[in-house]
Chemist: 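Here it is, the structure in full.
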Amino acid sequence: MAIHLTKESKILVQGMTGGEGMKHTRRMLAAGTNVVGGVNPRKAGRTVDFHDRPVPVFGSVAEGMDATGADVTVVFVPPAFTKAAVTEAADAGIGLAVVITEGVPVHDSVAFLAHARKRGTRVVGPNCPGLISPGQSGAGIIPADITKPGRIGLVSKSGTLTYQLMYELRDIGFSTCVGIGGDPVVGTTHIDCLAAFEDDPDTDLIVLIGEIGGDAEERAAAYIRDHVTKPVVGYIAGFTAPEGRTMGHAGAIVSGSSGTARAKQQALEAAGVRVGRTPTETARQVLAVLDARA
């Protein structure tokens with residue numbers, strides 16, 4: 001089992017015929033992802049061959065869903081067109097929209113996320129690497145060859161740290177890894193993923209990666225305390241961030257002691273979460289918890 005994405009998922013790629021869309025569609029197909037079509041109104045009716053795998057291009061998300069039964073879309077369009085792309089997907093009734101695009105204006109994100117919520121479409125992102133259920137499917141840009149299927153669930157604000165923890169724990173493996181994105185406003189939160197992993201019978205342990213800025217990790221800590229029975233191991237990026245310096249993701253805004261790595265660590269540890277100071281130490285904490293449960 002996995003959360004949000006399985007081998008049964010049928011994926012459309014909005015912006016498939018662009019440079020990034022072509023590159024990552026090729027990688028998704030090589031990993032075994034069931035990409036059933038691309039979307040580009042100006043190139044509708046064409047077919048793109050990916051190593052002898054023909055993928056049709058549709059004029060709209062609705063057309064692609066009608067023709068293929070797609071239930072997931074991955075969005076590789078420029079920031080100025082992202083709001084329209086996600087709105088179109090939600091209006092078509094797609095179940096999951098994975099928005100890779102970086103640099104989306106916050107007011108656009110607020111608008112399309114509210115619209116998608118009303119339409120019943122889950123959004124992962126924007127400004128995220130997507131998600132992957134190793135051995136089953138991947139939607140986005142997460143490399144498929146750095147880990148294997150297993151029983152760890154991973155939710156992360158950072159794409160790079162997603163990859164590093166996947167690699168550090170490659171001998172154990174993952175049920176699903178979700179990169180939720182580091183923008184101030186995102187469609188799927190730490191809490192959403194914690195709830196899904198808690199309900200997933202094939203996830204035994206959860207890794208939560210956060211970073212300085214905002215209060216998402218503090219809210220996740222409160223949720224863990226009240227609702228999560230599975231062990232959680234955490235890592236917060238930014239322990240060495242210099243005071244008063246703007247760094248990293250758009251959401252990494254620190255004011256006084258609020259939003260600091262230390263404050264987030266304290267909140268998580270108060271909820272029973274083991275927190276590593278480095279990614280490698282975090283991986284060792286995971287192994288220690290699994291050894292103790294064996």
Chemist: So which residues get pulled into Val86's cluster when ILVMFWY side chains under 4.5 Å apart are joined, directly or through others?
Modeler: Val75, Val77, Phe81, Val99, Val104, Val106, Val110, Phe112, Leu113, Val123, Val185
Chemist: Check whether any side-chain heavy atom of Ser9 sits under 4.5 Å from a side-chain heavy atom of Asp71, and report yes or no.
Modeler: yes
Chemist: Are any non-hydrogen side-chain atoms of His4 and Val124 less than 4.5 angstrom apart?
Modeler: no
Chemist: With Val178 as reference, evaluate Ile132, Leu154, Ile142, Ile3 under the side-chain contact (heavy atoms from CB on, under 4.5 Å) test and give the passing residue.
Modeler: Ile3
Chemist: Where do Thr203 and Gly153 come nearest, in terms of heavy atoms and distance?
Modeler: CG2-N, 3.6 Å
Chemist: Does Thr47 reach the main-chain N or O of Pro56 with its side chain, forming a donor-acceptor pair under 3.5 Å?
Modeler: no
Chemist: Which heavy atom of Thr162 sits nearest to which heavy atom of Cys177, and what is that distance?
Modeler: CG2-CB, 4.4 Å
Chemist: Between Asp204 and Lys230, does any side-chain N to carboxylate O distance fall below 4.0 Å?
Modeler: no
Chemist: Side-chain contact test, heavy atoms from C-beta onward, threshold under 4.5 Å: evaluate it for Ile11 versus Ser137 and give yes or no.
Modeler: yes
Chemist: To check you understand the geometry: which heavy-atom pair defines the closest contact between Met28 and Ala139, and what is its length?
Modeler: SD-CA, 3.9 Å
Chemist: Would you call Lys23 and Glu20 a salt bridge, using N to O less than 4.0 angstrom?
Modeler: yes
Chemist: Step through the shown structure and confirm whether more than 12 heavy atoms of other residues, nucleotides or ligands are within 6.0 Å of CD on Glu102.
Modeler: no
Chemist: What closest approach, in Å, do Arg170 and Lys148 show between heavy atoms, and which atom pair accounts for it?
Modeler: O-CG, 3.4 Å
Chemist: Taking the side chain as every heavy atom from C-beta outward, state whether Asn34 and Lys7 have any pair of such atoms under 4.5 Å apart.
Modeler: no
Chemist: Would a distance-only check, ignoring hydrogens and angles, find a side-chain to backbone donor-acceptor pair under 3.5 Å from Thr121 to Ile94?
Modeler: yes
Chemist: Just so I know, are the side chains of Gln136 and Pro149 near enough to count as touching, which here means a heavy-atom distance under 4.5 Å?
Modeler: no
Chemist: Quickly, which of Pro279, Ser158, Ser156 forms a side-chain contact (heavy atoms from CB on, under 4.5 Å) with Tyr235? Name it, please.
Modeler: Pro279
Chemist: In chain order, what residues pass the salt bridge (charged side-chain N to carboxylate O under 4.0 Å, His left out) check against Asp192, with sequence neighbours excluded?
Modeler: Arg122
Chemist: Identify the two heavy atoms, one from Gly181 and one from Val186, that lie closest to each other, and give their separation to 0.1 Å.
Modeler: O-CG1, 3.9 Å
